[in-house]
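Worksheet: one structure, shown below.
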Amino acid sequence: MSPGNYQMNNQCIDPEIGILLHAYELKLLDEENATRFEMHLLKCRYCFEEVQLFSEESDILHADNKIKNLTAKEAFPGFVKRLWRYLWPEMPVIFRPVVEILIILLIAVPAWFVFHGRGEKQVRPIYTIALMPLRSAPESGYKLSSGADVLLNFVYENAAPQKKYRIEIRDKSGQEFYRNDSFAGFDKYGVGQLLVTRNSLKAGIYHMIIEDPEDSSNLNRQEYYIPIMP
Amino acid sequence: MMRLIDLARGGDRAAEDELFQFLHVRFLCIAKRRIGEKDAEDLAQDACLTVLQKYKSLPDNEHLEAWAYNILRNKIGNYLQGRLLKPHSGVTGKLSGYPLEPQAKQSDPMLRSVLTGCLRKLYRVYPRYARAINLSHQGYGTVEICRRMAITPNHLYVMLNRCRKMLRECIESGKLSNE
């Protein structure tokens with residue numbers, strides 16, 4: 001029978017003292033605790049075998065100069081090394097902060113463009129102009145805010161919904177600015193709406209003509225002037 | 001140990017031999033850590049012989065381990081006292097800063113290389129372990145290390161044992177358990 005085989009050797013008989021194991025190996029214990037642990041070694045086979053098995057390693061760990069240099073370097077790493085350790089620690093790749101940050105960016109950036117960018121376009125301001133039928137060009141005009149598209153509201157008497165009308169807008173020099181031969185945007189009250197982008201509208205007076213192509217009478221024509229201030 | 005002493009007291013020769021072996025390996029282990037390899041063997045043997053000469057005269061077995069350990073401690077104390085009184089005879093002639101510290105023996109390069117690799121990995125996972133070992137290299141004890149790291153001694157012991165376990169696993173298998 002081998003010495004001390006009356007006790008289990010796969011666990012410490014007194015964990016309260018057994019916890020001092022590695023501190024003892026590294027010679028960190030004060031005299032009182034070192035004595036306690038050494039007396040424990042006479043009783044506890046597990047701790048004794050652990051000390052025996054790891055003695056060479058703990059000697060190197062405690063006294064080897066190369067290990068000392070390595071430890072000193074690792075104990076006080078530089079900023080870059082610390083940052084890198086923080087971003088790329090020893091753990092499964094998927095849980096490393098760099099990967100997590102990349103995943104968040106991959107999701108967040110497109111989402112920002114989708115929700116923020118598109119939303120901005122959707123709520124782009126619109127400047128509404130209710131046109132009044134006039135015989136000649138007015139002296140005053142509309143001053144449009146920059147970036148706002150223009151919604152023209154106009155009336156064509158007896159216009160029928162879904163029916164196609166011809167709309168033509170010319171600038172002061174008579175050059176065609178807009179033409180639509182099949183405009184079907186009138187409601188049941190004869191009110192039509194036309195959206196014009198702000199960028200295409202320059203300062204000046206525009207002449208708008210609305211006609212029913214099927215009607216050849218003289219009262220067929222409705223004219224508006226759209227004066228835009230610079 | 002109690003059982004062996006009981007048997008040995010009853011005249012069991014084999015038990016006495018076994019008791020000697022039992023004490024010798026443990027005394028040797030403790031002596032090596034206290035005084036180094038050089039004279040540990042002689043000292044352990046001397047302490048064992050003293051125990052074997054005197055254990056029969058003890059009235060009971062209650063504090064036998066403490067008694068045996070004290071014999072070893074006294075031997076170690078006498079040895080260290082003797083070494084302090086002797087002039088130093090180092091090869092280089094230089095006085096060591098810690099004359100009672102056992103001399104470091106030449107370490108196995110293979111084991112050192114494996115240990116270095118494992119420590120690099122372990123230090124990345126537990127930088128506090130590196131800090132504790134570094135402070136121990138600087139000669140600090142538990143109290144000062146705990147003060148500097150702002151932890152309790154119990155916390156330090158638990159961390160050290162946990163890292164020791166991982167280090168052993170790494171030396172055996174080549175990788176840390178959480179890799």
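Keep in mind that what you see is a predicted model, and the values were worked out from it rather than measured. Within every chain, numbering begins at 1; the chains are lettered A, B, ... in the order of the sequence lines, protein sequences first and strands thereafter.
Between Tyr129(B) and Tyr123(B), the two ring planes are tilted [angle within 30° to 60°].
Side-chain atoms of Glu50(A) and Arg164(B), non-hydrogen and from C-beta on, do get closer than 4.5 Å to each other. Between Val51(B) and Phe27(B) there is a side-chain heavy-atom pair separated by less than 4.5 Å.
At a 4.5 Å heavy-atom cutoff, Leu19(B) makes no contact with chain A through either its backbone or its side chain. Contacts between Lys73(A) and chain B at a heavy-atom distance below 4.5 Å are absent for every atom of the residue. Interface residue Arg73(B): only side-chain heavy atoms are found under 4.5 Å from chain A. Using a 4.5 Å cut-off between heavy atoms, Phe37(A) makes no contact with chain B at all. In this structure, chain B has a heavy atom under 4.5 Å from the side chain of Leu53(A), while its backbone stays farther away. Proximity to chain A is limited to the backbone of Tyr140(B), based on heavy atoms less than 4.5 angstrom apart. At a 4.5 Å heavy-atom cutoff, Leu135(B) makes no contact with chain A through either its backbone or its side chain.
Pairing of Cys118(B) with Cys170(B) by a disulfide is supported, the SG atoms lying closer than 2.5 Å.
Between chain B and the options Asp30(A), Leu26(A), Ile60(A), the largest number of non-hydrogen pairs under 4.5 Å is found for Ile60(A). If you tally non-hydrogen atom pairs under 4.5 Å between each of Asn33(A), Leu61(A), Val51(A) and chain B, the highest count goes to Leu61(A). Highest contact tally toward chain B, considering only Gln52(A), Lys66(A), Glu31(A), is held by Glu31(A) [criterion: heavy-atom pairs under 4.5 Å]. For chain A, the option among Leu167(B), Val143(B), Leu111(B), Asn70(B) with the highest count of heavy-atom pairs below 4.5 Å is Leu111(B).
Closest heavy-atom contact between Gly141(A) and Met229(A): C-CG, 3.6 Å. Annotation for Ile126(A) and Leu151(A): closest pair CG2-CB, 3.6 Å, computed over non-hydrogen atoms.
Cation-pi geometry between Arg26(B) and Phe22(B) is met: the NZ or CZ atom falls under 6.0 Å from the ring centre, inside 45° of the normal. Taking the ring centre of Tyr24(A) as origin, the terminal cationic atom of Arg33(B) falls inside the region bounded by 6.0 Å and 45° from the ring axis.
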